[in-house]
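One structure is given below, encoded as structure tokens.
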2 protein chains.
Amino acid sequence: MTLLTDLADPRSKRSKSAHKIAACVVANPEAVLSATTAALAASAGVSEPTVNRFCTGLGYKGFPDFKLALAAELARKQPRMTRNIEANDSVGAVVAKIFESTQASLGGTLEQLDLAALQDVVAALANARSIIFCGLGASASVAIDAQHKFLRFHTPVASHTDIINQRMVATGLDPQDCIVCISYSGRTHAMVELAELAATSGCHVVGITAPGSPLANACTLALSVENDEDTDVYTPMTSRIAQLVILDILATCLALQQGEAFSDHLRRVKYNLRLTRRQ
Amino acid sequence: MTLLTDLADPRSKRSKSAHKIAACVVANPEAVLSATTAALAASAGVSEPTVNRFCTGLGYKGFPDFKLALAAELARKQPRMTRNIEANDSVGAVVAKIFESTQASLGGTLEQLDLAALQDVVAALANARSIIFCGLGASASVAIDAQHKFLRFHTPVASHTDIINQRMVATGLDPQDCIVCISYSGRTHAMVELAELAATSGCHVVGITAPGSPLANACTLALSVENDEDTDVYTPMTSRIAQLVILDILATCLALQQGEAFSDHLRRVKYNLRLTRRQ
DNA sequence: CCAATGATGTAGTTTTATTACAGAAAGGGA
DNA sequence: TCCCTTTCTGTAATAAAACTACATCATTGG
């Protein structure tokens, strides 16, 4: 993601023409792949050698080399959208398709992740008196995973995967608490009701769910995880992976925010786990 | 993965020279990216126009277009290895790095996944009287997730994340049972001992763990998940994702093996979940 | 064994990328 | 503000690479 991000960055020092070319590339990267220096020069309103200098200036051997890097960049950003798994696929094909669709799903989630909302959630978690993770069905394991990740912090953390317990806890929330509701569809009755119940306490209700879903609307803060409508019975559950990665990001951002003193704490945690290991 | 796989496929009908070129490309794809038609022609021992015909024959506009596709292919296969997260990284940078390293980790796992072992595991699961998933710490949520995935099947399935309960269950295993031990490091004492205990019953002991680890050795079947030594405190836990994807693959392969009648069952499961949803 | 089809290579042509150089713009000091 | 220096930009020429046309060779089927 470095190339396109760098090109899109307006504060990088570049000559006037270089900016024009960068804008052209960012605006339509796919078109550049099939363009010649002359074509790109024309659409950027500069001369051909300027395009070449632009490429060499970025550290590439020339325009063709730059195009190769761009093609690689785009491929990384948008992995092949795998067609559905067929009943007569070989094991190798199934493996490849599941890996690819997972990678594609991750790419899609990254694309649509709202950084501002993410920062708000990190702030809410950082200032929380206690953190509760809730999930049902497939999202139950995500909630448990989140709890494990957040055990590293000093904030009291719990996960609940039972609707009775979830409601009990949600009833007693403090405005300084933070509850995280995890749901793939964002349409599970019990989860939406839980979020609504939790919101009455005035605490932060974070949703990690499908954008625009009832659950997302019931939350005070929502992080989008694209819901790619797994209509097929064999479709792998890629969105769960995206939820886990988002929780990983939250935990990492929180750890970074705590500063150097906290790194020592993490190292101590690691050290104390050492004795459970062989060698 | 289509391009290189296709080129490596020896049974595809191609002319003699085309085979020579394909072999050259597969042998050293990176080198081809910086080569000219003349260079590739020379190293394949054919003439320049043959290289061009080879490219157009594959459906590309010409040699440069082929190189772009190859670059994209290689990028997909081997996403950028992200350097560690730094204390002063922006939120956007952290997000990008975590996503990228997760994708890279997935790519690495796919690369080293043993398809034969995978098929053995699928067979073991398909014939199992009952399936037990065990994990501790971070792998506990993976075990729970696996249980959820396998609830769709008719085989009795359970997950245990408590060493006492795990040992109790492992003691009473039948040779027809299948226990799946999940561990990132493959070095957790309790897990290795559990696998050894389970193995005495004569049942299949599947490990989803680091290759060559004590746990992998204690299992009767092992699926490798690369252990990339997360030395840094801020390193995201990418291997957990790889474990989940492998379990997704196992569940999907199992579902495929059950045939069309089973698809109906899956559809019924889905239908019965409908009433828990809004709209 | 002889067509006939298809594949391959040589040589030439076109396209594309790069370099050299000159002119223009921008920045810095008096 | 002006002039000088530095950096950037475009024109034109050059070099390189890719592609095309055509002739030759191999291979297969009758």
Side-chain angles (χ1 to χ4, degrees), chain A residues 3 6-74, chain B residues 3 6-74:
Chain A
L3 213 182
D6 285 357
L7 292 183
D9 191 351
R11 69 210 153 156
S12 62
K13 56 163 181 42
R14 255 195 286 270
S15 70
K16 214 185 303 173
S17 310
H19 265 117
K20 281 196 243 173
I21 298 170
C24 250
V25 174
V26 171
N28 199 350
E30 285 83 4
V32 174
L33 291 185
S34 53
T36 63
T37 40
L40 179 56
S43 68
V46 299
S47 69
E48 294 184 38
T50 303
V51 170
N52 191 6
R53 279 189 284 260
F54 172 79
C55 298
T56 53
L58 287 169
Y60 300 102
K61 274 187 279 184
F63 183 64
D65 193 37
F66 169 76
K67 284 207 293 188
L68 287 175
L70 187 64
E73 190 74 20
L74 291 173
Chain B
L3 214 182
D6 285 358
L7 292 183
D9 191 351
R11 68 211 154 156
S12 63
K13 56 164 180 44
R14 255 195 285 271
S15 70
K16 214 186 301 172
S17 310
H19 265 117
K20 282 195 242 171
I21 298 170
C24 251
V25 174
V26 171
N28 198 351
E30 285 83 3
V32 174
L33 292 185
S34 52
T36 64
T37 39
L40 179 57
S43 69
V46 299
S47 71
E48 295 184 37
T50 303
V51 171
N52 190 12
R53 279 187 284 259
F54 171 79
C55 297
T56 53
L58 287 169
Y60 300 101
K61 275 187 280 185
F63 183 64
D65 193 38
F66 169 76
K67 284 208 293 187
L68 287 176
L70 187 63
E73 190 73 21
L74 291 173

All heavy atoms of A/Val26 vs all of A/Pro29, minimum pair found to be O-CD, 3.5 Å
Whole-Å distance, B/Phe54 CZ to D/dT20 C1', equals 20 Å
Closest heavy-atom pair, A/Tyr60 versus A/Ala69, reported as atoms and distance to 0.1 Å, is CE2-CB, 3.3 Å
OP1 or OP2 of D/dG10 versus the side-chain N and O atoms of A/Thr50: is any pair under 4.0 Å? yes
Applying a 4.0 Å non-hydrogen cut-off, can you work out what A/Val51 is touching in the nucleic acid: base, sugar-phosphate, or nothing?
nothing
Rounded to whole Å, the CG-C1' distance (B/Asp65 to C/dT15) equals 15 Å
B/Glu48 has its side chain closest, among D/dC19, C/dA17, C/dA20, to D/dC19
So, OP1 or OP2 of D/dA18: does either fall under 4.0 Å of a side-chain N or O from B/Thr37?
yes
Quiz item: Does B/Lys16 make a side-chain N or O approach to OP1 or OP2 of D/dT27 shorter than 4.0 Å?
Solution: yes
Taken to the nearest whole Å, NE2/B/His19 to P/C/dT8 is 11 Å
From OH of A/Tyr60 across to P of C/dA17 the rounded distance in Å is 17 Å
Heavy-atom nearest pair, A/Leu33 first then B/Leu68, reads O-CD1, 3.3 Å
Closest non-hydrogen atoms of A/Gly45 and A/Lys20, given as atom of the first, atom of the second and distance, are O-NZ, 3.6 Å
Rounding to 0.5 Å, atoms CZ (A/Phe63) and OG1 (A/Thr56) come to a distance of 12.5 Å
The bend of the helix from C/dC1-D/dG30 to C/dA30-D/dT1, taken between the axes of its five terminal pairs at each end and rounded to 10°, is 30°
For A/Lys67 and A/Ala35, indicate whether the former's side chain and the latter's backbone hold a donor-acceptor pair under 3.5 Å. yes
Taking C/dA20, C/dT18, C/dT16 as options, the one with an atom nearest any side-chain atom of A/Thr36 is C/dT16
Among D/dT20, C/dA17, D/dG10, the one nearest any side-chain atom of A/Val46 is D/dG10
Between A/Ser43 and A/Cys24 the two heavy atoms that sit nearest each other are O-SG, 3.4 Å
A/Lys67 NZ to D/dA17 P, in whole Å, measures 15 Å
Rounded to whole Å, CG of B/Leu40 lies from P of D/dA17 at a distance of 13 Å
Regarding the side chain of B/Phe63, the nearest nucleotide among D/dA18, D/dT20, D/dT9 is D/dA18
Determine whether any donor atom in the side chain of B/Arg53 lies under 3.5 Å from an acceptor atom in the base of C/dG6, or the reverse, and answer yes or no. no
Separation of D/dA18 atom P from B/Lys61 atom NZ, nearest Å, is 15 Å
Nearest heavy-atom contact between B/Cys55 and B/Phe66 is SG-CB, 3.6 Å
The nucleotide from D/dC19, C/dT10, C/dT19 with an atom nearest the side chain of B/Ser47 is C/dT10
Taken to the nearest whole Å, CZ/B/Phe66 to P/D/dA17 is 18 Å
Under 4.0 Å between a side-chain N or O of B/Asn52 and OP1 or OP2 of D/dC19? yes
